[in-house]
Amino acid sequence: MKILENVIANKNLLFTDASTGVSTPVGTLYRSLGLNPVEKGLIFLYNDNQVPSIEVLLNFYGTAHAIAVLGQKLHPEFKERLEAEYRPKYIFDPSRDEVQGYSLKEFSETVKIFAKEDYQPEVTIHPDIKILLSTSGTTGVPKLVKLSDENLYQNAVSILQYMPILESDVVPLNVPINFVYGFSIFTTNCMRAGRIVCTDKDIMQKAFWDEMEEYGYSTLGGVPYLYENLNRIGFFRKDSTSLRYMTHTGGVINAELRKTIFNYCLEFNKQFFAQYGQTEAGGRMAYLTTDGLLEEETSIGTPVHGGSFQIDEETDELLFLHSSISGGYANKLEDLSTYEQPKLLHTGDTGRRGQNGLYYITGRIKRIMKLFGIRLNLDEVEFILKNELEGNTVVCLNGNDKKIIVLYDNIEIDPQTITETIKNKLRINPQYVRTEHIESFPLSQNGKINYPLLQNLQHENI
């Protein structure tokens, strides 16, 4: 288990409970539950980024078990359906007092795990499957990505080639580890940093910033929507002395905000890493350093160490090559008997390579609409509007190929500015544009704007 071996090798690593301040050395935490290392089965770990969740993850990682890392806030009905489909041997879920067909077993003072009564293995789980993570675009019952220890290790090694992690770093787990971005933040920092602070606080909560001042966080991570909100509350106008660098993934940050972040980094001596990744590749596939923030707004930078991109000549789809590519998907228990790693990952994004060697995302294959025969990339329309609106958040949706629907959450935006921008930049008649103010954008569990939900709601109104 290369990931665990490298985490254990970081002997000075401490895990701190943000609410109590109690710290536990890695050497104590990873073997605290007395598990049988050769026992094999499937555990569902419903994560909340607290110390017990991390304790369960590290302990089970050192066994032959496969671990499905899921969100603790997953809807109870989805939990029941998942458990009925996969019938795991163990379930860790502090939010429940009982699970039908399972008995609660006390492994330590802080960890209680549900064990399946009269468990009988129904399939032989493929030995390469170590971690199961849901895809970021999943709604309802998740489709799980099958990741091996080697996948995760190779991606972590690639990230460590450019990420400036120091032994003195104090890292908050503000991104849930049940998402691949959070998981890669966790693994890379466990391998190099000095302290991991386990917190359930959100960056937009005052309590998080109180914790940051108390513990001296060295780094922050988030999706574009988070940085848009930080900009809105004036975060980039003053220094946070302990902060050395920030990371982001989950979509492209608009050009105006990139300039703001660049100037912030320049003034206060920080670093920023804009990243591109997918669960199917174990985390991060490309990165852009601080200087690259002044590039075109759709740039994702260069591939991570050991990886490369290709552009499909017919579709312009971006293809990725790396040893971190996963072994396929699972929709049911029987799917865990196989692990088939492809040479190429089809990202679903369209892209191009610039003369400067950097790669650029031009849109999602599924985010293309035809307005009376005119092919429009809704991602590009969003970029144009965000730049014109000084970085304010907007969402563009397809109105049955008859109208562009533009949603905005800042009441101070003049909707006529939106229609005039689309008219002037794209030569589209305003009668084919519908603007609508929304109180707030619904977010998926990983903090991204929930496009599928918004699109479905708009279809109901069309």
Side-chain angles (χ1 to χ4, degrees), residues 135-137 155 158-159 162 179-181 184 221-228 247-259 261-262 272-304 307-322 324-325 344-369 375-387 391 393-398 425-426 444 446-449 451-452:
T135 56
S136 59
N155 194 252
S158 294
I159 294 167
Y162 65 87
F179 298 113
V180 75
Y181 176 36
S184 68
V223 296
Y225 187 62
L226 173 82
Y227 287 106
E228 289 169 6
T247 66
H248 124 275
T249 191
V252 176
I253 293 176
N254 68 76
E256 287 301 312
L257 182 51
R258 283 189 174 204
K259 291 176 185 176
I261 294 172
F262 177 84
F272 190 90
F273 296 89
Q275 299 164 114
Y276 169 76
Q278 293 183 359
T279 310
E280 292 85 347
R284 289 172 256 190
M285 299 150 61
Y287 69 98
L288 194 71
T289 58
T290 312
D291 289 342
L293 291 173
L294 298 184
E295 289 286 335
E296 296 178 45
E297 70 266 23
T298 54
S299 176
I300 58 171
T302 56
V304 296
S308 62
F309 287 123
Q310 295 178 6
I311 306 292
D312 188 292
E313 293 182 0
E314 294 184 5
T315 64
D316 289 335
E317 184 179 10
L318 189 68
L319 309 174
F320 183 60
L321 295 84
H322 198 281
S324 65
I325 297 174
L344 280 171
L345 175 65
H346 289 256
T347 66
D349 291 320
T350 55
R352 65 179 178 84
R353 185 178 188 273
Q355 292 182 347
N356 55 7
L358 299 180
Y359 284 85
Y360 298 84
I361 295 296
T362 56
R364 288 288 294 174
I365 290 177
K366 292 182 180 179
R367 290 272 290 156
I368 303 295
M369 70 175 288
R375 189 174 184 270
L376 286 173
N377 185 319
L378 292 175
D379 290 318
E380 290 182 355
V381 178
E382 277 187 18
F383 292 140
I384 290 170
L385 288 173
K386 286 182 178 182
N387 291 338
T393 305
V394 295
V395 166
C396 294
L397 302 172
N398 183 353
K425 300 282 186 179
L426 300 172
S444 58
N446 57 1
K448 299 179 187 178
I449 292 175
Y451 279 85

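Between the side chains of Thr247 and Tyr181, a donor-acceptor pair is found at a separation under 3.5 Å.
In terms of heavy-atom proximity, Gly301 sits nearest to Leu288 at CA-CD1, 3.4 Å. Shown here for Leu318 and Thr347, the closest heavy-atom pair between the two residues is O-OG1, 2.7 Å. Contact between Val180 and Gln278 at its shortest, heavy atoms only, is CG1-C, 4.2 Å. The shortest heavy-atom contact between Asn155 and Gly282 is OD1-O, 3.1 Å. When all heavy atoms of His322 and Ser158 are compared, the closest pair comes out as NE2-OG, 2.9 Å.
In terms of modelled atom types and a separation under 3.5 Å, the side chain of Glu317 and the main chain of Gly348 share a donor-acceptor contact. Remark: side-chain polar atoms of Gln275 are not paired, donor with acceptor, to backbone N or O of Thr249 under 3.5 angstrom.
A ring-ring contact (aromatic ring centres under 6.0 Å, His included) with Tyr359 holds for exactly one of Phe320, Phe309, Tyr276; it is Phe309. The side chain to side chain donor-acceptor pair (under 3.5 Å) with Thr350 is formed by just one residue from the set Thr315, Asp379, Asp316, Thr362; it is Thr362.
A parallel orientation is assigned to the rings of His248 and Phe272, their planes being inclined by less than 30° (bins at 30° and 60°).
Here Leu257 contributes atom CG and Thr393 contributes atom OG1; the two are 9.0 Å apart, rounded to the nearest 0.5 Å. Going from atom CD1 of Ile361 over to atom CD of Glu380 covers 11.5 Å, rounded to the nearest 0.5 Å.
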Apply side chain to side chain contact (heavy atoms under 4.5 Å, CB included) to the pair Glu280 and Ile325, showing each step before the final yes or no.
-> CA-CA 6 Å; Glu280 292 85 347; Ile325 297 174; 5.8 Å; no
Using the side chain to side chain contact (heavy atoms under 4.5 Å, CB included) rule, take Tyr287 and Ile159 through it: C-alpha gap first, then chi angles, then the decisive distance, then the call.
-> CA-CA 9 Å; Tyr287 69 98; Ile159 294 167; over 6 Å; no
